[in-house]
Each structure stands twice: as structure tokens, then as C-alpha cells.
Amino acid sequence: MGSLSRRDALRAGVVSTAVIGGVTGAGTMMHAAPAVAAAAATGEGWISVLDHGAAGDGTTDDTAAIQAALNAARSANPNKSVYFPAGRIFKVSDQVNATGLSDSVISGHGATLSLAGSAASVLGGKAVLQLRDCLRVKVLGLTVRDADRLHQYDGVRVSSSRAIVVDGVHVYNTRFNGIVVYDSPAPRSDDITITNCTTEGTRTGITTNGKDVRIVNNHVAMDWPSTDEGQSGLPWNGTTSNYFDGICVWAGGDRTVISGNTITECGQAGVYCQDVTNLVVADNTVYGCIGRGIEVDGARGVKLRDDQPDSVVTTRAFGVTITGNVLRNNDGNINLIFVSDATVVGNRIENSDANHKVTCIAVNRGTNRTVVAANHARQAHPTSPAVWVHDNATEVSLAWNEVHGAVHHAAPAGTVVMRRSAEGLITASGSLKTTGKVIAIGGLGVGNSVVASTPGSVVRKMEVFSSTGASLGWVPIYNSIG
């Protein structure tokens, strides 16, 4: 089996570094808000977008009015919060910017920000709503959608900001990222929480290259097989596809937690991470992705061939924990490439298709100092190993994995393997070295290859070593007949 990395140079440019400013002019038409909206918006510290001319009727272009409300919130001393009344659809045709806000809330429970007739945007050059240079700001409950999918917009974008919370936000059908934390160079954004959000039908669900980013309890769905692309019968295409990965951590991301998310039927990986540091992927459910379920690719998109030296890769992921996840019927479930100091523990993985030749866990090329332990794997394919270790992966230990499959594992000789191979029987490969005593209550067998026929017959000998490792000679091992 060759190296499984399939990323190429496209990955390096999948998030644009361009930031385009939004419209800042004020609207000229003033619309009265319903009594319930006015009551909620006129409290101290709040500005309603209706008070700055937004119609919220789904037809009027409210871009300028919303931008005016955001600008007014920033100009106030102290900054004010911005309110989108529930039950209204606010049409925008360009990016709106929350810039320089601090200690504020953008509240939109039950309200929709709908992009239609949009200005041009390529590779996420613009977002429907962008937060930039913000501090301690919350975006709550707002629905963001792209009504016509003409251009590659992000839904909500956070840049150069700290202590941001995006909670309960729904993003639908944006042609680039649903929710994104991104800066160049990375990481500039720090202490970001994305929780209880939904992204659906986006090119990529939730992405980050920030620091101390927590992506928790979100639902990311692409339902790729039912999209026009999936129904076309053509294979996934990295150049033209509108559907990529569910949750991504790009190069430079540090101290990222991806936990408790549900990720379904992505065009590529459910969770994809590059050369990141201090990554925890825990307790997620990943189902039916066209690519890997969880992939950490420290090689950052280098197309590796088995005849290439490892020196062609100059990047690596460090400090990765993958634990407690449930993965089912992905095209390869957990895959590590050029990763160091990794633990893959307590995951439940299943390939239920006997015709689908994929692994449950792959410790791939360039990976070292990795422990794969206490995972549950069900492998229906008759010849693919449930757990596979590449020939040049080093310092890898496989221990106590509960595997149901014809081929338990395939690993080079240097891999330490300990497994339950039958009822009451433990099978181990590699060497065991102890500085203490080995006590076997029921007796100790050392390579006995024949059955003793008479009491006291010598079947094998045990070599004894000094504390320095020098041989002290051989001691006979006797069998007795009861």
C-alpha cells in the first residue's frame, strides 16, 4: 500500500488572504420597527439595524443600512451591540464589516442575513459578515445564507480578533467557508469559540488557523451524494468541486480543540488538519465522507511517492490527540501523515462495505512516536487491514485494539503490537525489557515447541543476562508431567 496523501498545491491556496472592505454608506429610507423589536432594541447599549434604514423584507438591499448600524456601534463610547429583529430577512449584496468592536454582541436570533446579487468574490475574498480587529464580541443566533451562490463567499469570517464567540449561527450554501477564523500570517486570532452552529451545503464547513480555537458541538453537513455534483456520476474533482472538507485546521493553527461535532457526507474529509500543533479531535461523529474521516497531513499537500525521500517534506504536525470519535463508512477513517507525538485512543470505527478497500486506522508515511490503543474497529473488507502502519513510520505502538476483521493489522517489524488474539490469549510482537521481576503464577513458557514426554525433559533454555546486558549463560527450562 502506498502513501495515502492526496493533497496538492490547491490546498495552499484554498483560503484567500484578501480582505475587501464593505459598503459604509448610510441608508436613506427609515423603516419603523414592530413594537416587539423596538422594545428589545431600545435598551441601553443596543442599536437596531432597523433604526439605520434596514427593511428586513427580503427584497430591499440592506447592505448600506446594516453597515451604518455596525459603524454606529463602533463609534459609540463605549461600543454598543447590534440587534437584528427576529422573523426578518435582511438582503445584502456585499460584505458587511464589524471592525474594531469591543465588548459587544451581534444578536440575530430568528433573523436571516441573505446574500443575493452579490459583488464578485474569489476563494473567500469576501464574507457575508466579517469581524476584524474585534475584542470580546459575540455573534449569536444569526442565520447567514447565500441565496444564489454566484460567487465564493465565506459566511462568517473572523480575522485579527481575540475572545470571540460565535454561537448558534446557521450558515447555508456559501460557496467557500461557512465559518472561518483566518489570518496571514497565522496565528493572529486568539481565544475563539465556535459552538452550537450549523453549516450546510458550504464548500468547507468550519476552518481556522488561529490559536486557542474551540470548535464544539456544531453540525456540519454537505450531503455530497445528493448534490448536483454527487448525482452527476462524475468523481470528486479538486479543481471544480463546491464541496470539500467539514472542519479544517490550516497550517499554523495551535491549541485547537474539535469536539462533539456531527459531520456528515462531506465532499472530502470530515476533519482535515495540516502541519498544526497541539490538536485535540475528540468525541465527534463523522459519517459517509468521500475522503478520510479524520486526516492529519503534516506534509501540507506534498504529493508523496514511495520513491521520494522524506526530505522532500519540510513540515510536520506535532502533538495530536484523536480520541472518543465515532467514524463510519468514510473513504479511509483515520489517517496520519508526517505526524509526531500522536495518540489515537478509544475511537469506534467501522467500514461496513465488504467491497470498499479502505483501512480503519492508517499510521502513514513519516509518522513517528505514535500510540494507537484501545480502539474498536470493524473491518468488512476481506483483505484490507483494519490497522495499517507504513513501512517507514517509526516508534509506533499498537495496543489492546478490539478489532473485528479478517486482517487485524499490517505493520513493519519495528512496530510494537499487543493484542488479544483468542479467548484468554494475548499475542505480542517486539521485545519486552524489564528491570524488575517477571512473575507468572500459572507457570512461564519460553518458546516451548514440543510437548515433554517424560518428567524433567529439557524443551528449551532461557538465556540469563547481567545488569549490564552481558550474557550469563543458558538455564534449562524443564517440563513436568503432572
Side-chain angles (χ1 to χ4, degrees), residues 1-8 222-225 230 233-238 241 243-248 263-273 281 284-299 301 303-306 320 322-323 325-339 342 344-367 370 372 375-393 396 398 401-412 415 417 419:
M1 184 179 293
S3 296
L4 298 183
S5 175
R6 45 80 177 150
R7 307 289 176 168
D8 54 24
M222 293 181 187
D223 302 317
W224 188 87
L234 298 175
W236 183 88
N237 187 308
S241 178
Y243 304 95
F244 275 74
D245 302 309
I247 297 176
C248 294
I263 306 165
T264 58
E265 294 185 344
C266 295
Q268 277 291 282
V271 176
Y272 171 70
C273 307
V281 183
N284 303 284
T285 299
V286 186
Y287 176 82
C289 295
I290 307 305
R292 316 289 179 238
I294 298 171
E295 180 169 78
V296 183
D297 184 357
K303 280 190 167 182
L304 292 167
R305 302 189 311 269
D306 284 341
V320 175
I322 300 173
T323 184
N325 301 283
V326 177
L327 301 102
R328 189 169 187 268
N329 293 349
N330 303 287
D331 189 11
N333 287 285
I334 296 176
N335 188 31
L336 304 180
I337 308 168
F338 277 83
V339 177
V344 181
V345 178
N347 302 282
R348 185 174 295 276
I349 308 147
E350 182 177 3
N351 171 35
S352 64
D353 187 350
N355 296 314
H356 198 193
K357 191 176 182 179
V358 297
T359 57
C360 292
I361 300 173
V363 181
N364 218 307
R365 184 170 177 179
T367 296
T370 293
V372 179
N375 299 283
H376 293 255
R378 292 184 178 274
Q379 171 62 285
H381 194 274
T383 60
S384 288
V387 182
W388 177 74
V389 181
H390 194 280
D391 287 346
N392 78 344
V396 178
L398 311 179
N401 296 292
E402 183 69 24
V403 174
H404 299 267
V407 183
H408 181 281
H409 68 275
T415 302
V417 181
R419 57 181 286 245

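Small disclaimer: the values here were computed from a predicted structure and weren't measured.
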Considering all heavy atoms of both residues, which atom of [X] and which atom of [Y] are nearest to each other, and what is their separation?
{"X": "Pro382", "Y": "Val407", "answer": "O-CG2, 3.8 Å"}
{"X": "Tyr243", "Y": "Trp236", "answer": "O-NE1, 2.8 Å"}
{"X": "Gln379", "Y": "Val358", "answer": "NE2-O, 2.6 Å"}
{"X": "Glu265", "Y": "Pro225", "answer": "OE1-CD, 3.7 Å"}
{"X": "Asn330", "Y": "Tyr287", "answer": "OD1-C, 3.5 Å"}

Looking at side-chain heavy atoms only, is the closest gap between [X] and [Y] below 4.5 Å?
{"X": "Asp245", "Y": "Cys266", "value": "no"}
{"X": "His381", "Y": "Thr359", "value": "no"}
{"X": "Leu336", "Y": "Ile322", "value": "yes"}
{"X": "Asn364", "Y": "Trp388", "value": "yes"}
{"X": "Val389", "Y": "Pro412", "value": "yes"}
{"X": "His409", "Y": "Val417", "value": "yes"}

Arg328 meets the salt bridge (charged side-chain N to carboxylate O under 4.0 Å, His left out) criterion, sequence neighbours left out, with Glu350
- Is a side-chain donor or acceptor of Asn392 paired with a backbone partner of Gly366 at a separation under 3.5 angstrom? yes
Say whether, by atom type as modelled, one donor and one acceptor occur between the side chain of Asn329 and the main chain of Ser352 under 3.5 angstrom.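 Yes, the answer is positive, given that a donor and an acceptor are paired below the 3.5 Å cut-off.
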Query raised in the report: Asp223 and Thr264: side chain to side chain contact (heavy atoms under 4.5 Å, CB included), yes or no, with the steps?
Result: CA-CA 7 Å; Asp223 302 317; Thr264 58; 4.1 Å; yes
Test applied, side-chain contact (heavy atoms from CB on, under 4.5 Å); reference residue, Ile334; option that passes from Val271, Val344, Val372, Val363: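 Only match with Ile334 under side-chain contact (heavy atoms from CB on, under 4.5 Å): Val344.
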Nearest 0.5 Å, please: how far is [atom2] in [Y] from [atom1] in [X]?
{"X": "Ile349", "Y": "Asn325", "atom1": "CD1", "atom2": "CG", "value": "8.5 Å"}
{"X": "Tyr272", "Y": "Glu295", "atom1": "OH", "atom2": "CD", "value": "6.5 Å"}
{"X": "Asn284", "Y": "Ile263", "atom1": "CG", "atom2": "CD1", "value": "5.0 Å"}
{"X": "Cys248", "Y": "Gln268", "atom1": "SG", "atom2": "CD", "value": "10.0 Å"}
{"X": "Thr323", "Y": "Asn375", "atom1": "OG1", "atom2": "CG", "value": "8.0 Å"}
{"X": "Ile294", "Y": "Cys289", "atom1": "CD1", "atom2": "SG", "value": "9.5 Å"}

TODO: Tell me, with the steps shown, if Arg419 and Asn401 meet side chain to side chain contact (heavy atoms under 4.5 Å, CB included).
DONE: CA-CA 7 Å; Arg419 57 181 286 245; Asn401 296 292; over 6 Å; no
